[in-house]
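Note sheet for the following structure.
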Amino acid sequence: MNNWGYVISAIAIMGLVTFGLRAAPFLAAKWLQQHTLVLRLGRFLPLAIMVLLTVHTLAGNAQSHTNGPWPELAAGCTVVVAQLWRKHALLSIVLGVFVYVAFRNQWVPLA
Amino acid sequence: MTKPTLVGDDASLSRTPWLLSLPVAMGYIPLGMVFGFLFVQAGGPWWLAIASSVVVYAGAAQFMMVPMLAAGLPLATIALATAVINLRHVFYGLSLLDRLPKPWSAKAYMVFGLTDETYSVLTTLPAHTSTQHMLAITALNQAWWVAGSAVGALIGARAQVQLVGLDFALGALFAVLAVEQWRSSSNSHALWTAMVSYALALWLVPQQALLVAIALSVAVGLWLQRVPKPSQTRAQSPTDKDIL
């Protein structure tokens, strides 16, 4: 993080990649609109990808420390239940982070 | 299926962009703060945290970049990770192909700003919403994100707290988006496809589990969707929901 040139290059590349992905369907608009399979895939994928990102991120968190997947499972379930129940994204995220921070900082001792 | 409540029961033109952007602000300001905080705590200068939110503007990828930059990973690896994380954005434009403003600069900015949350708001708006309103919502949403990042970075530059676990905000955001996608889906095929794909990918290629799992899910998705079902033709967009 001390090498500013490296960080600036990374930011520029990430910006270009992200913009390219967001722009792709507009560049291929005519072609895409002729292919209903693509459109149906576009309806199928968001849920699959969100689930994958969730599982992958929590799995990554679980591997970053020794207490294993328990804080991730507890906090993850908190978020899912809160969101299913109250439909309030900020509340769900804050609750989940609080549960996670509590476990990771040993405010709640893990057996 | 109940209509999303993001814009209330009467999504009339009297609703200002400001109001529509408010729920996004409630998510973006605190999340942006966490990003700015983590970026600076990892050793980055505060102004580059802000630059990231101006130039990259992709929550998940920005959270992912902090440990990658701290570890000094190669730029190609960072580019690939960004592509994998943001791959879903390829599908967002499909819902907005005919709805963006004509001037190229306004259109380019709206494409640039097409985050999960902005996409949700824009696709929930009534069809006759003016492009000026849509542009204003896009810009306001990014303003919340940049402002949050700036505040978080400035706090992080002064604070000496070592509170592990704040980065769980990213996983929590994904979980919230997954729940909302699931709520508005007509079935759970995609959920189970993803679970099984990830388990398989983790077993076969643990180093590239996410990328392989996405590829597997796309393959299964193509196979499941190969025949149009009459019941699906008028189903609402799965991302048509109130996230934040």
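To find a chain, count down the sequence lines: A is the first, B the second, and so on, and within it residues start at 1.
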(message) More than 12 heavy atoms of other residues, nucleotides or ligands under 6.0 Å from CH2 of A:W107: yes or no?
(response) yes
(message) Restricting to non-hydrogen atoms, name the atom on A:A10 and the atom on B:L69 that form the minimum distance, rounded to 0.1 Å.
(response) CB-CD2, 3.6 Å
(message) If you count every heavy atom of other residues, nucleotides or ligands that lies below 6.0 Å from B:W182 atom CH2, does the total exceed 12?
(response) no
(request) Measure A:A59 against the heavy atoms of chain B and call it side chain, backbone, both or neither at under 4.5 Å. (result) side chain
(message) Return the CD to CZ distance between A:Q83 and B:R183, rounded to the nearest 0.5 Å.
(response) 6.0 Å
(request) Kindly state whether the ring of A:H56 and the ring of B:Y198 have centres lying under 6.0 angstrom apart. (result) yes
(request) Go through the steps to decide whether B:F39 and A:V7 satisfy the test side chain to side chain contact (heavy atoms under 4.5 Å, CB included), and finish with yes or no. (result) CA-CA 11 Å; B:F39 189 96; A:V7 177; 4.0 Å; yes
(message) As an exercise, state the distance from CG of B:L87 to CG of A:L52, rounded to the nearest 0.5 Å.
(response) 11.0 Å
(request) Specify which of A:V55, A:V94, A:L84, A:N61 makes the most heavy-atom pairs with chain B at under 4.5 Å. (result) A:L84
(request) Apply side chain to side chain contact (heavy atoms under 4.5 Å, CB included) to the pair A:F44 and B:T193, showing each step before the final yes or no. (result) CA-CA 10 Å; A:F44 171 86; B:T193 301; 3.7 Å; yes
(request) Provide the closest heavy-atom pair for B:A194 versus A:A48 in the form atom of the first, atom of the second, distance. (result) CB-O, 3.4 Å
(request) Name the option with the most non-hydrogen atom pairs under 4.5 Å to chain A; the candidates are B:V55, B:V220, B:L48. (result) B:L48
(message) To check you understand the geometry: which heavy-atom pair defines the closest contact between A:T54 and B:A178, and what is its length?
(response) OG1-CB, 3.9 Å
(request) Could you check if a side-chain atom of A:V79 sits within less than 4.5 angstrom of a side-chain atom of B:F168, using non-hydrogen atoms only? (result) yes
(request) Drop me the distance from A:M14's CE to B:L75's CG, to the nearest 0.5 angstrom. (result) 11.0 Å
(message) Side chains of B:M65 and A:I11, heavy atoms from C-beta outward: is any pair under 4.5 Å?
(response) yes
(message) For B:P74, is there any backbone N or O sitting under 3.5 Å from a side-chain donor or acceptor partner on A:Y6?
(response) no
(message) If you compare all heavy atoms of A:V17 against all heavy atoms of B:A79, which two are closest, and at what distance to 0.1 Å?
(response) CG1-O, 4.1 Å
(message) Which atoms of B:L96 are under 4.5 Å from chain A, going by heavy atoms: the side chain, the backbone, both sets, or neither?
(response) both
(request) For each of A:V51, A:L21, A:T18, A:I13, tally heavy-atom pairs with chain B at distances under 4.5 Å, and name the one with the top tally. (result) A:L21
(request) Side chain from CB out, backbone as N, CA, C, O: work out which of these in B:V179 comes under 4.5 Å of a heavy atom of chain A, or both, or neither. (result) side chain
(message) More than 12 heavy atoms of other residues, nucleotides or ligands under 6.0 Å from CH2 of B:W47: yes or no?
(response) yes
(message) If I take atom CG from residue A:L47 and atom OG from residue B:S188, how far apart are they, to the nearest 0.5 angstrom?
(response) 7.5 Å
(request) Determine the minimum heavy-atom distance between A:S92 and B:V176, stating which atoms define it. (result) CB-CG2, 3.8 Å
(message) If you compare all heavy atoms of A:V80 against all heavy atoms of B:A175, which two are closest, and at what distance to 0.1 Å?
(response) CG2-CB, 4.4 Å
(request) Counting only heavy atoms closer than 4.5 Å, note whether A:T57 contacts chain B via side chain, backbone, both or neither. (result) side chain
(message) Any side-chain to backbone donor/acceptor pair from A:R22 onto B:F112? Under 3.5 Å, distance only.
(response) yes
Using distance only, find each side-chain donor-acceptor pair of residues 97-104 of chain A under 3.5 Å and give its atom names and separation, not counting sequence neighbours.
residue: A:Y100; atom: OH; partner: A:E72; partner atom: OE2; Å: 2.7
residue: A:Y100; atom: OH; partner: A:R104; partner atom: NH1; Å: 3.1

Under 3.5 Å, which donor-acceptor pairs do the side chains of residues 209-219 of chain B form with other protein atoms, sequence neighbours left out?
residue: B:S217; atom: OG; partner: B:S197; partner atom: OG; Å: 3.3
residue: B:S217; atom: OG; partner: B:A213; partner atom: O; Å: 3.0

